[in-house]
Amino acid sequence: MKHYFNPMSRAITTRWMLLEADVPHEQVFVDITNGDTDRAEYRAVNPMGKIPALLDGDVVVTEAAAICAYIADKFPEKGLAPAPGTPARGSYYRYLFVPGTTLEPMFTIASLGIKDYPARSVGFGDMERCLATIEAMTPETGWAIGDRFTAADVVFGGFLDMAVQFAWLPTPSAKVSAYVGRVRARPAYQKSRTSENA
Ligand SMILES: N[C@@H](CCC(=O)N[C@@H](CS)C(=O)NCC(=O)O)C(=O)O
C-alpha cells in the first residue's frame with residue numbers, strides 16, 4: 001500500500017489509522033507547498049490534488065474518512081469497525097461522516113468570518129447546531145460507539161483533536177476535553193506525531 005502523506009496535513013489522521021491497524025505501508029511524501037499536488041502524476045491519483053490518498057494495488061482511495069473506513073474493513077481481524085449490518089454500524093457511519101460533511105465546513109466558514117449565508121439550506125446549518133452535535137456525540141467514557149476503539153474515533157476524535165488544537169473550539173466542554181485526552185493518549189496517535197513521520 002502507498003500512502004500519500006505530509007505530516008502537516010490531514011494525512012496525519014490516515015497515518016494514525018494505518019498505525020492503529022498496524023498495516024505495513026509505504027509513505028510517499030507529498031510536498032504541498034511546492035506544487036506536488038498540481039503535478040499530472042499526482043492528479044492521476046487524486047483529481048482533487050489533495051492528500052491523503054491511499055493506493056492499494058489498483059484501488060485508489062481518497063478522502064481521509066474513506067481511507068480510515070477502507071482500512072478498518074480490509075483488516076476486520078483488527079477489530080476497528082463493527083460488522084456490516086449490525087446496529088452499531090449505523091452509529092459508526094454517523095461518526096465517520098459527520099466531521100467531513102458537516103462540522104468541518106461549518107468551522108471553515110466561521111474561521112473565514114462568513115456569517116451571512118442560508119443556514120437552513122446549507123448542509124452544515126449553523127454553529128449552535130454543530131456545537132450541540134459535538135456535545136451530544138462525544139462519549140462520556142470509552143469510545144464513539146462503546147467500549148471498543150474503532151475507526152470512528154480516528155475520524156471523529158481526530159477532528160475534535162484538530163478543532164481544539166486550532167482553537168476552532170476555544171472552550172471545549174469537560175467531556176470533549178476528556179475524550180480528546182483519551183484520543184491523544186493512544187500509542188498509535190503518539191507515534192503518528194513523531195518525527196519518524198516527517
Ligand atoms: N476532504 C479531504 C481534504 C484533504 C485536504 O484538504 N488536504 C490538504 C492538506 S490538509 C491538501 O492536500 N492541500 C494541498 C492542495 O490543495 O494542493 C480529505 O478529508 O481528505
Side-chain angles (χ1 to χ4, degrees), residues 3 9-21 23 50-52 54 61-76 78-84 86-111 122-193:
H3 180 229
S9 80
R10 290 164 174 87
I12 203 84
T13 301
T14 42
R15 168 75 174 151
W16 172 26
M17 182 66 199
L18 286 159
L19 291 168
E20 287 283 356
V23 177
K50 294 278 185 189
I51 56 165
L54 188 77
V61 190
T62 62
E63 297 298 319
I67 293 170
C68 292
Y70 179 82
I71 294 164
D73 285 351
K74 188 175 166 91
F75 302 98
K78 307 287 181 179
L80 290 164
T86 57
R89 191 81 175 186
S91 177
Y92 172 73
Y93 281 134
R94 215 175 147 216
Y95 282 96
L96 289 181
F97 284 89
V98 89
T101 59
T102 305
L103 304 178
E104 188 179 320
M106 180 69 256
F107 283 119
T108 303
I109 288 285
S111 68
V122 298
F124 48 84
D126 56 40
M127 186 59 90
E128 184 198 331
R129 289 186 255 180
C130 284
L131 293 178
T133 299
I134 288 173
E135 200 53 34
M137 288 181 70
T138 299
E140 201 79 59
T141 58
W143 304 108
I145 61 163
D147 293 340
R148 179 160 46 117
F149 180 90
T150 66
D153 297 291
V154 176
V155 175
F156 183 73
F159 174 78
L160 292 187
D161 168 44
M162 188 173 74
V164 170
Q165 186 187 335
F166 294 145
W168 287 348
L169 269 181
T171 50
S173 68
K175 184 170 76 159
V176 169
S177 296
Y179 175 59
V180 168
R182 293 196 292 282
V183 159
R184 289 177 178 170
R186 304 273 312 169
Y189 169 96
Q190 290 176 8
K191 194 170 177 202
S192 72
R193 267 64 181 172

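Listed by chain and residue number, Arg10 satisfy the salt bridge (Lys or Arg N to Asp or Glu O under 4.0 Å) test with Glu104 (two or more places apart in sequence, or in another chain). Shown here are the ring-ring contact (aromatic ring centres under 6.0 Å, His included) partners of Tyr189, two or more places apart in sequence or in another chain: Trp16. Shown here are the side chain to side chain donor-acceptor pair (under 3.5 Å) partners of Glu135, two or more places apart in sequence or in another chain: Ser173. Under the rule for a salt bridge (Lys or Arg N to Asp or Glu O under 4.0 Å), Arg94 has no partner lying at least two apart in sequence or in another chain. Residues satisfying the side chain to side chain contact (heavy atoms under 4.5 Å, CB included) test with Phe166, not counting sequence neighbours, are Met162, Trp168. Among residues two or more places apart in sequence or in another chain, the side chain to side chain donor-acceptor pair (under 3.5 Å) test is passed with Arg186 by Glu20. Every residue two or more places apart in sequence or in another chain that forms a side chain to side chain contact (heavy atoms under 4.5 Å, CB included) with Ala64 is listed here: Thr14, Pro52. With sequence neighbours left out, Lys74 forms a salt bridge (Lys or Arg N to Asp or Glu O under 4.0 Å) with Asp56. Qualifying ring-ring contact (aromatic ring centres under 6.0 Å, His included) partners for Phe159, counting only residues two or more places apart in sequence or in other chains: Phe107. Not counting sequence neighbours, the partners of Tyr95 by the ring-ring contact (aromatic ring centres under 6.0 Å, His included) test are Phe156.
Every pair tested for salt bridge (Lys or Arg N to Asp or Glu O under 4.0 Å) that includes a residue from residues 162-175 fails, sequence neighbours excluded, so the list is empty. Among residue pairs with one or both ends in residues 144-163, those qualifying as salt bridge (Lys or Arg N to Asp or Glu O under 4.0 Å) are Asp161-Arg184, Asp161-Arg193; sequence neighbours excluded.
The distance from the OG1 atom of Thr133 to the CD atom of Glu128 is 10.0 Å, given to the nearest 0.5 Å. A distance of 6.5 Å separates CZ of Arg15 from NZ of Lys191, quoted to the nearest 0.5 Å. Atom CE of residue Met17 and atom NZ of residue Lys78 lie 10.5 Å apart, to the nearest 0.5 angstrom.
What you find for Thr102 and Gly123 is that their closest heavy atoms are CG2-O, 4.1 Å. Counting all heavy atoms, side chain and backbone alike, Ala144 lies closest to Pro139 at N-CG, 3.9 Å. Between Ile51 and Ala11, the shortest heavy-atom distance links the atoms CD1-CB, 4.5 Å. Of all heavy-atom pairs spanning Ala21 and Ile71, the tightest one is CB-CG2, 3.7 Å. For Ile145 against Ser91, the heavy-atom pair with the smallest separation is CG2-OG, 3.6 Å. Across all their heavy atoms, Tyr92 and Ala81 have their closest contact at OH-CB, 3.4 Å.
A donor-acceptor pair under 3.5 Å is formed between the side chain of Ser111 and the backbone N or O of Thr108.
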Check the pair Phe124 / Leu103 against side chain to side chain contact (heavy atoms under 4.5 Å, CB included), numbers first and verdict last.
CA-CA 7 Å; Phe124 48 84; Leu103 304 178; over 6 Å; no
For Val183 and Leu160, run side chain to side chain contact (heavy atoms under 4.5 Å, CB included): C-alpha distance rounded to whole Å, both residues' side-chain angles, the deciding distance at 0.1 Å, then the answer.
CA-CA 9 Å; Val183 159; Leu160 292 187; over 6 Å; no
Worked check of side chain to side chain contact (heavy atoms under 4.5 Å, CB included) between Leu169 and Leu131:
CA-CA 9 Å; Leu169 269 181; Leu131 293 178; 3.4 Å; yes
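Side-chain atoms of Val164 and Ser177, non-hydrogen and from C-beta on, never get closer than 4.5 Å to each other. Proximity of Trp143 to Arg182: side-chain heavy atoms (C-beta onward) are separated by under 4.5 Å at one or more points.
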